Amino acid sequence: MWKVAALLAIVITPAMAGVFALMPMTFYGINDYAPWLLAAFAGVGALLGLPVSYFVARHVYRLTGGGRGAA
């Protein structure tokens with residue numbers, strides 16, 4: 001399951017960081033946000049992407065039968 005979580009983290013973490021990086025631009029507008037807010041929100045998105053990838057991997061693991069092979 002950890003290998004699947006690592007593979008999912010490669011996709012989910014940058015996607016969440018990108019989504020969170022857009023939030024300051026949405027709140028304050030394209031020209032009025034502070035650059036440190038962009039970095040802070042992207043960092044929070046990246047940090048939240050790791051547990052999300054673990055929970056998605058756990059869900060996939062349970063749906064596929066818990067690693068018992070092909071059924």
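Computed from a prediction, not measured in an experiment: that's the story for all the values here.
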Of all heavy-atom pairs between [X] and [Y], which one has the smallest distance, and what is that distance?
| X | Y | value |
| --- | --- | --- |
| Ala21 | Ala42 | CB-CB, 4.0 Å |
| Arg58 | Met1 | CA-SD, 3.5 Å |
| Ala9 | Pro14 | O-CD, 3.6 Å |
| Ile12 | Gly49 | CG2-O, 3.9 Å |

Give the cluster check for [X] versus [Y]: same hydrophobic cluster or not, with ILVMFWY residues linked at side-chain heavy-atom distances below 4.5 Å.
| X | Y | result |
| --- | --- | --- |
| Val11 | Leu63 | no |
| Phe27 | Met16 | yes |
| Ile10 | Trp2 | no |

When you compare the side chain of [Y] with that of [X], does any pair of heavy atoms fall below 4.5 Å?
| X | Y | answer |
| --- | --- | --- |
| Tyr61 | Val4 | no |
| Tyr33 | Phe41 | no |
| Tyr54 | Leu50 | no |
| Leu37 | Tyr28 | yes |

- Note on the structure: CG of Asp32 to CE of Met25, rounded to nearest 0.5 Å, is 12.5 Å

- Note on the structure: Value for CG (Leu8) from CZ (Phe55), rounded to nearest 0.5 Å, stands at 13.5 Å

